[in-house]
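These notes concern the structure reproduced below.
Heavy-atom basis, side chains included; hydrogens, waters and symmetry copies ignored. As the structure lists them, so they are numbered: ligands from 1, and atoms in each ligand from 1.
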Amino acid sequence: KQAKMIVDKDFIISNIDNRIYGSFIEHLGRAVYEGIYEPGHPLADEQGFRQDVIELVKELNVPLVRYPGGNFVSGYNWEDGVGPKEDRPRRLELAWKTIETNEVGTNEFADWAKKVNSEVNMAVNLGTRGIDAARNLVEYCNHPSGSYWSDLRIKHGYKEPHKFKTWCLGNEMDGPWQIGHKTAEEYGRIACEAAKVMKWVDPTIELVACGSSSRAMKTFADWEATVLDHTYDHVEYISLHTYYGNRDNDTANFVARSLDMDAFIRSVAAICDYVKAKKRSKKTIHLSFDEWNVWYHSHDADSQRDPWQIAPPQLEDVYTFEDAILVGCMLITLLKHSDRVKIACMAQLVNVIAPIMTEKGGGAWKQTIFYPYMHASVYGRGAALNPIVSSPLYDSKDFTDVPYLESTAVYNEEKDELTIFAVNRDLHESLLLECDIRNFQEYRVIEHIVLENDDAKARNTAAARGQVQPHNRGDAGGKDGFVVASLPKFSWNVIRLA
Ligand code: AHR
């Protein structure tokens, strides 16, 4: 099979907002405790943060980390997590039925984020709390000094304000499972009022309103329209969440699921623009895809767990090679919509549906999905180009006209580099890719990285860490404005030119 791509420097979708490569740490399972934080571990630093995990997060070059939830945030009293550790309460955590010790809270997380060179995407509780706790938290985190909450932060040892820029107004408030679940009207009102006072405390912050927790929700679309009707003038973004699985073991259908993500993004952008038109507004609402990933491997194990443990293993999906292929397609989809999607968070980062896993007292290792995420984050900075792509197509159970080739290109003018990201979805045959890179005449291939495996179910585990890892022996080559590459069957490819 053969596919074609025309890449032109002047066909730009958008400059990519680096926050599109964000991630997420929730107080859930072993993400915080035994994940990023394990005092007593041989590699723990003076604050108890694991340095091996810090190094892996740095390898991923994560610009933004959402915190502290997720479902967790809807029952969280942020005051429990600040001040002397010995005074912090242990609480029944109702979202995930565990005991929360509060050893790590806002200030420690801000320290950790600095260590990994990330910004914090902070979330406020609009489930059990409301506008008062939200404005106090902004004051505690972002106000320099001279007020009750900012002076309390200083008393807690943090003289400088954290200056968190991006804030989520609650989490998945449309979901009946959410602590403090609301109708769109109820949420729209509280989100609007919280947004107003949060910005009165710090006018420089940007706010994300909750969209639907998935495209499959019955209230999807009406929810977004109603919430934006209330909040349009007070927020910058609306959120999208999606997780995919392959329970029926139909791989060709599974790796086509990024087409669903694509349709989801288009729909939410259309709803934002509908509200814009209705309000005759000049402002455009952007999208924050602040939870996305594969999630299904751990569902059965999680349904059998006893409640009220401290940091039990939860949502510990061990990812397969085919999961990495879908993750690659999802990253390409986000890039294709980088004019509208300004923030995206792979959910999550450590141990919980995560690219990085840890063993208590032991090592840290990379899941299969680590690799496409790292490649996109490291090489996908600059301008997202809009290539003209033609590819042979296939039909699957839920999708028609699925292109075998999923691809896009990113131009990094500063570094003088062009990167082509390409997935061959064909399970059986390689795909010959011919690229016309016209006004990149002088560019030569410097590397063709490939992630491939004969076994779609191959996994990296604590015992076998290198089952799935990329190599750079891809055959891409060419000159005078043309590049030809053979994309191995069922593979993720990064073709780097300079
Ligand atoms: O990321 C895991 C959970 O998925 C989050 O807590 C919640 O927001 C979503 O349902």
Side-chain angles (χ1 to χ4, degrees), residues 22-33 35-36 62 64-76 78 93-98 100 109 121-128 166-182 187 191 208-220 223-224 227 237-245 261 264 287-303 305 307 311-319 323 327 330 343-357 367 369 373:
S23 191
F24 179 23
I25 289 278
E26 178 167 3
H27 280 251
L28 156 58
R30 300 189 310 122
V32 174
Y33 309 112
I36 64 169
V62 182
L64 181 82
V65 185
R66 187 165 171 250
Y67 176 85
N71 296 338
F72 170 83
V73 80
S74 299
Y76 183 48
W78 68 266
E93 199 292 287
L94 298 182
W96 302 102
K97 315 271 181 303
T98 60
E100 171 57 51
F109 192 75
N121 178 8
M122 195 70 181
V124 299
N125 174 356
L126 293 186
T128 58
T166 321
W167 293 72
C168 301
L169 294 164
N171 175 70
E172 293 190 347
M173 299 308 305
D174 63 322
W177 60 85
Q178 200 67 213
I179 304 170
H181 166 223
K182 292 178 173 42
Y187 172 69
V208 185
C210 288
S212 296
S213 44
S214 90
R215 189 178 175 226
M217 296 298 288
K218 269 208 199 107
T219 48
F220 170 61
W223 172 276
E224 279 76 1
V227 167
Y237 310 94
I238 187 149
S239 72
L240 298 83
H241 291 181
T242 205
Y243 296 100
Y244 298 122
M261 184 189 214
F264 191 11
L287 311 190
S288 172
F289 215 125
D290 53 35
E291 289 187 31
W292 68 270
N293 203 348
V294 172
W295 174 17
Y296 74 106
H297 298 284
S298 57
H299 284 341
D300 292 343
D302 285 335
S303 64
R305 209 167 305 289
Q314 286 174 307
L315 283 64
E316 296 209 359
D317 276 40
V318 179
Y319 288 112
D323 297 334
V327 161
M330 292 172 88
I343 302 173
C345 303
M346 174 185 260
Q348 300 190 9
L349 187 54
V350 183
N351 287 334
V352 170
I353 43 176
I356 298 168
M357 298 298 288
Q367 295 240 45
I369 61 169
Y373 179 30

Strictly under 4.0 angstrom, heavy-atom based: which residues surround ligand 1? Phe24, Glu26, Gly70, Asn71, Trp96, Asn171, Glu172, Tyr243, Glu291, Trp295, Leu315, Gln348, Ile353
By ring pair (Phe, Tyr, Trp, His ring centres under 6.0 Å) - contacts of Phe220 (at least two apart): Phe264
Does the plane of the ring in His27 sit parallel, tilted or perpendicular to the ring in Tyr76? Use 30° and 60° as the thresholds. parallel
If the condition is side chain to side chain donor-acceptor pair (under 3.5 Å), which residues does Tyr237 pass it with, not counting sequence neighbours? Arg19, Glu206
State which residue, out of Leu169, Ile238, Asp290, fulfils the side-chain contact (heavy atoms from CB on, under 4.5 Å) condition with Val208. Asp290
Between the side chains of Arg66 and Glu291, is the shortest nitrogen-to-carboxylate-oxygen separation below 4.0 Å, so that they form an ion pair? yes
Which residues share a ring pair (Phe, Tyr, Trp, His ring centres under 6.0 Å) with Trp96, sequence neighbours left out: none
